[in-house]
There are 2 protein chains.
Amino acid sequence: MDTKDKLIEATGKLLWERGYAATSPKAIQKESGIGQGSMYHHFSGKKDLAIAAIERNSEMMRKEIELIFTEKTSPLNRIKNYLLREREILKGCPVGRLVYDPDIYSDEELLELLDNMFQWIMDKISMTLEESMKQNEIRNIKTTELSSTITATLQGSYVIARSKKKIEPFKDAIHGLLSLIKIMEEKGIQNER
Amino acid sequence: MDTKDKLIEATGKLLWERGYAATSPKAIQKESGIGQGSMYHHFSGKKDLAIAAIERNSEMMRKEIELIFTEKTSPLNRIKNYLLREREILKGCPVGRLVYDPDIYSDEELLELLDNMFQWIMDKISMTLEESMKQNEIRNIKTTELSSTITATLQGSYVIARSKKKIEPFKDAIHGLLSLIKIMEEKGIQNER
DNA sequence: GTCTATAATCGGATAGAC
DNA sequence: GTCTATCCGATTATAGAC
């Protein structure tokens, strides 16, 4: 791994653990083992590093999630698999956690990177729900709304888990959502009669 | 309003807007109009101020929410009213937003204040769901799970709204959840037959 | 109680040598 | 490309006068 990659990786790790405002250039140097001069040679500053790191984190997430949504199983199963995907629950969502960072929220360019990621996943979920409806797995619903609900529940599940430093509340919230989806599913089957 | 109250109010406002780590004692002095010496006379430091402010914010929220849950309407309606309650969506949840603040998450005492608030509201929702089930408004479900789902959806709705700086995603996510609850409700009515 | 002065450390860079 | 030196403001207090 070259110098630039080391810097991006270290920045990504620290952004996930501590957010943007609380991550100092010095901390990035320490984490990556790269010196001051070298860091400022490759990147213009903290924001430049953050952009590279967020883009890299997002790309990794997209690839992982893409795998789940291209599996050969029913649309609804793909959504369930996404909800039950393995996660580092107490660390929170690497993207979602940055939304409350004051220095991110006040910077259009950085905030847009987060929005892009959320929109990408919500579109993915919406399209999968459309498929599910066509196959009569579930009853007709507004896919924009339900994909927002699914995304929001995931994001909020991280939040309440962190407040307790326990993973159980996360699982409770997800299983509650799965139960609601299950009811909607039975209802869809009924409609076929 | 006396000096101490002014300091607590200013701190509460800044915690909501910027979080804990990004709120400096100097900013609190400016916001409150109280001087340095005076501030350190009334409070031992930043953390002491934050505790007072979070407790005060929590107390206010509890009172407002208590009103909704003591209204004379069906249990399920009380939950719907809570979900549709007026909120400062883009500012985020004054409690939930602090969960990702590194200086809060690493401090047991501060984090516990957030947990207390979440637990209080989730208990409130659980109890109301129990009532709703007894009255056959909805089918039997695990109230711990569903109350976590409801709380998580609210928290996550703030997150996605902030990523877009728009309130619509918040409303979409809430209405998606309400639709799922509606389906569960129809199912409950069926059970009565 | 409130004020101003002072301090030690950190944050985020820039400058110039090698 | 990488290193060390330097800069200036902010952070979070403490000290002592009034």
Side-chain angles (χ1 to χ4, degrees), chain A residues 1-56 97-98 100-111 113, chain B residues 1-54 97-98 100-111 113:
Chain A
M1 198 161 57
D2 69 4
T3 304
K4 229 176 152 170
D5 283 336
K6 279 183 197 164
L7 284 164
I8 293 174
E9 182 168 287
T11 305
K13 186 181 173 204
L14 290 169
L15 284 182
W16 193 356
E17 281 170 3
R18 318 227 343 120
Y20 180 71
T23 293
S24 67
K26 188 159 288 186
I28 294 171
Q29 291 153 34
K30 194 179 173 189
E31 176 71 33
S32 63
I34 306 295
Q36 179 109 324
S38 194
M39 192 193 91
Y40 280 103
H41 172 77
H42 290 288
F43 295 92
S44 70
K46 179 176 165 172
K47 179 177 166 180
D48 196 22
L49 271 157
I51 290 174
I54 293 172
E55 279 175 343
R56 177 180 157 289
R97 74 153 294 144
L98 297 175
Y100 278 125
D101 193 300
D103 293 353
I104 297 251
Y105 191 68
S106 59
D107 186 302
E108 267 191 51
E109 199 179 352
L110 292 172
L111 193 62
L113 295 177
Chain B
M1 199 161 54
D2 69 3
T3 304
K4 227 175 154 174
D5 282 336
K6 280 183 195 164
L7 284 164
I8 293 174
E9 182 168 287
T11 306
K13 187 181 172 204
L14 291 169
L15 284 183
W16 194 357
E17 281 170 3
R18 318 228 342 119
Y20 179 72
T23 293
S24 67
K26 187 161 287 187
I28 294 171
Q29 291 153 34
K30 195 180 172 188
E31 177 71 34
S32 63
I34 306 295
Q36 178 108 326
S38 194
M39 193 192 91
Y40 279 103
H41 172 75
H42 290 288
F43 295 92
S44 70
K46 180 175 165 172
K47 180 176 166 182
D48 195 23
L49 272 157
I51 290 173
I54 293 172
R97 75 151 295 144
L98 298 176
Y100 278 125
D101 192 302
D103 293 353
I104 297 252
Y105 190 68
S106 60
D107 185 304
E108 266 192 53
E109 200 179 351
L110 292 172
L111 192 62
L113 295 178

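Worth knowing before you read on, the calculation uses all heavy atoms, side chains too, and leaves out hydrogens, waters and symmetry mates. So that the names make sense, note that chain A is the first sequence line, chain B the second, and so on, each numbered from 1.
Checked by atom type and distance alone, the side chain of B:Arg97 pairs as donor or acceptor with a backbone atom of A:Tyr100 at under 3.5 Å.
Rounding to whole angstrom units, NE2 of residue A:His42 and C1' of C:dA13 are separated by 17 Å. Going from atom CE of A:Met39 over to atom P of C:dT14 covers 10 Å, rounded to whole Å. Between the CD atom of A:Gln29 and the P atom of C:dC10 there is a distance of 14 Å, rounded to whole Å. One interatomic measurement links the two molecules: CG of A:Leu49 to P of C:dG11, which rounds to 15 Å at whole-angstrom precision. For the pair A:Asp48 CG and C:dG12 C1', the computed distance is 14 Å after rounding to whole Å.
Here the straight-line distance linking atom CD of A:Glu31 with atom NZ of A:Lys6 works out to 12.5 Å at 0.5 Å rounding. Once rounded to the nearest 0.5 Å, the distance linking CD1 of B:Ile104 with CG of B:Leu15 reads 6.5 Å. Between A:Ser106 atom OG and B:Arg18 atom CZ the span is 7.0 Å, to the nearest 0.5 Å. Distance check: B:Asp2 CG to B:Leu7 CG gives 9.0 Å after rounding to the nearest 0.5 Å.
Between B:Ser38 and A:Gly45, the residue anchored closer to the 5' end of DNA chain C is B:Ser38, taking for each the nucleotide with the nearest heavy atom. The residue among B:Ile34 and A:Ser44 whose nearest nucleotide of DNA chain C is located toward the 5' end is B:Ile34.
Scanning all heavy atoms of the two residues, the minimum distance from A:Ile8 to A:Arg56 falls at CG2-CD, 3.2 Å. Looking at every heavy atom in both residues, A:Ala53 comes nearest to A:Gly12 through CB-N, 3.6 Å.
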Under 3.5 Å, sequence neighbours excluded: what are the donor-acceptor pairs made by side chains of residues 37-51 of chain A?
{"unit_1": "A:Lys46", "atom_1": "NZ", "unit_2": "A:Tyr20", "atom_2": "O", "d": "3.0"}
{"unit_1": "A:Lys46", "atom_1": "NZ", "unit_2": "A:Ala21", "atom_2": "O", "d": "3.4"}
{"unit_1": "A:Lys46", "atom_1": "NZ", "unit_2": "A:Thr23", "atom_2": "O", "d": "3.0"}
{"unit_1": "A:Lys47", "atom_1": "NZ", "unit_2": "A:Asp107", "atom_2": "OD1", "d": "3.4"}
{"unit_1": "A:Lys47", "atom_1": "NZ", "unit_2": "A:Asp107", "atom_2": "OD2", "d": "3.0"}
{"unit_1": "A:Lys47", "atom_1": "NZ", "unit_2": "A:Glu109", "atom_2": "OE1", "d": "3.0"}
{"unit_1": "A:Asp48", "atom_1": "OD2", "unit_2": "A:Ser44", "atom_2": "N", "d": "3.0"}

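Of the residues in residues 12-28 of chain A, those lying under 4.0 Å from DNA chain C by heavy-atom distance are A:Thr23, A:Ser24, A:Pro25.
Mapping heavy-atom proximity under 4.0 Å, the span of DNA chain D touched by chain B runs 5' to 3' from D:dT11 to D:dT14.
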